[in-house]
2 protein chains.
Amino acid sequence: MSYVAYVNGPGSVYMKRVKRAELIKQTRDKLLAAGRKAFARDGYHAASMDQLTADVGLTRGALYHHFGSKRGLMEAVVEQIDTEMAGRLRDALKDATDRRQALIDEGVAYIKLALEPEFQRIVLRDGPAVLGAPMHWPSQNACLAGTIERIQHLVDTGEIAPVDAEAAARLLDGAVLDAAMWIAAADDPAAVAQRAIDAFTRLASGLVAR
Amino acid sequence: MSYVAYVNGPGSVYMKRVKRAELIKQTRDKLLAAGRKAFARDGYHAASMDQLTADVGLTRGALYHHFGSKRGLMEAVVEQIDTEMAGRLRDALKDATDRRQALIDEGVAYIKLALEPEFQRIVLRDGPAVLGAPMHWPSQNACLAGTIERIQHLVDTGEIAPVDAEAAARLLDGAVLDAAMWIAAADDPAAVAQRAIDAFTRLASGLVAR
DNA sequence: TCCATAACATACGAGGCGTATGTGAAATAT
DNA sequence: ATATTTCACATACGCCTCGTATGTTATGGA
């Protein structure tokens, strides 16, 4: 790993190394994307690794090299989705004024995010069966940690009555995810979503009471 | 199907028919019990039908005759567990005095029931992945229907402020089940259970407010 | 220039599920 | 009372899938 930057023009050893690293990353990304698509469409169990890799012009050899196992690919896919979700949730809440109201808004925003079929199928449905309880996932803590922090802050500033922040966050999380699955399975998702959001607001009002 | 009861002593054609039906039922029950045990111990995917049936002195032939598929066995097992749970939940709530408090007690009781590893693994973890969203299960409605009915009654009698009973029930359900998985995964389940129950009481207080 | 390692592809073996088929006993029809 | 059909399984087969072991080629380092 010894090179001098200012002599690295195109075609230099350094650039070739960079190029190669990019190709490898592209291979990994292709597998990841193919896995995400296959898991979302067919479900974890029905997704065939042979099929999935062939779809992007590779073989199972590449997959097992990069991810170690079918489960390993699933872990990577779940982490990717979860990270995206956490980011989008953060964006949706970044300009909140009333912090107490923001807690309720967070739940509502989470419900809307959790409606996406890809998230439902991979993270909510197959994820626990394949990877075990979400509490043990490193990624899943991203969303939850934010909620815990927000609740704790409300307690610390006296904006809401004291409550166990983590416990409250987990309860809200469970309620919200369950609601999302209910909505997704409904004939009229929009109507059911409104019912769920109203009920959630009512429920959360008990938490944010002063 | 024409026989006269008072001439049916032991050894009669009728008795033989009864005996045979009992044997068939025993076979079914043995398979069901074996499936329940194997699914709880190994998880749905890792459970082998060959192994499972051999454990009770049968073959896969018997299994596919009675249940049609591995998934069919899973459905039967889930229904059995869910039915048991609904019954135990009903027992735990049958002598409640304060109906508003009973709604909270119901959540607490459900948390305790949902702590059982068999329920967690089969119904909560593997169930959704194998059978799809629980809303589509015929059995899952047993517990939920009871909760909906209780909430609706509280609303009708004016004991609590009006709320969408089904939506509220589903939210509580999700919160409670999530809490149960949190508790089960904890190092100190007893302590975490208390935190969850306290937080749930606080949360539900928003629902039962007049 | 030679060797080690990385990034894949190929080949192999082991289960597992579902189904098609076989079988003997019981139920039913004649 | 006998013949036929149906039931409750057991047996046998084929297909698919995953994981691993083994090449193979190209790159990085000495």
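In the text below, chain A, chain B and the rest are named by the order of the sequence lines, each starting its count at 1.
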ask   = In terms of the angle between their ring planes, are A/H45 and B/H45 parallel, tilted or perpendicular, with boundaries placed at 30° and 60°?
value = perpendicular

inquiry  = Looking at A/D178 and B/R170, is there a salt bridge between them, counting it only when a charged N and a carboxylate O are closer than 4.0 Å?
reply    = no

task = Could you list by number each residue of residues 33-61 of chain A showing a heavy-atom separation from DNA chain D of less than 4.0 Å, or answer none if no residue does?
result = A/A47, A/S48, A/M49, A/R60

task = Give the minimum heavy-atom separation between B/I111 and B/A179, together with the two atoms involved.
result = CD1-CB, 4.3 Å

request  = Determine, for A/E116 against A/R88, whether the closest basic-nitrogen to carboxylate-oxygen distance falls under 4.0 angstrom.
outcome  = yes

ask   = Looking at DNA chain D, which of residues 64-74 of chain B put a heavy atom within less than 4.0 Å of it?
value = B/H65, B/H66

request  = Using atom CG of B/L63 as one end and atom C1' of C/dG18 as the other, report the distance to the nearest whole Å.
outcome  = 11 Å

request  = Report yes if a side-chain nitrogen or oxygen of B/T27 is closer than 4.0 Å to either non-bridging phosphate oxygen (OP1 or OP2) of D/dC9; otherwise report no.
outcome  = yes

ask   = So with a 6.0 Å cut-off around CD of B/Q101, is the heavy-atom count from everything else above 12?
value = yes

ask   = Is any side-chain N of the basic residue among A/E84 and A/R36 closer than 4.0 Å to the acidic one's carboxylate O?
value = yes

Test log, rule salt bridge (charged side-chain N to carboxylate O under 4.0 Å, His left out), inputs B/R202 and B/D198 = CA-CA 6 Å; B/R202 169 74 177 279; B/D198 290 344; over 6 Å; no

remark   = In whole angstroms, the gap separating C1' of C/dA9 from CG of A/L31 amounts to 13 Å

ask   = So which of B/I122, B/V130, B/T83 actually passes side-chain contact (heavy atoms from CB on, under 4.5 Å) with B/V78?
value = B/I122

request  = Find the distance B/I24:CD1 to D/dC7:C1' and express it as a whole number of Å.
outcome  = 7 Å

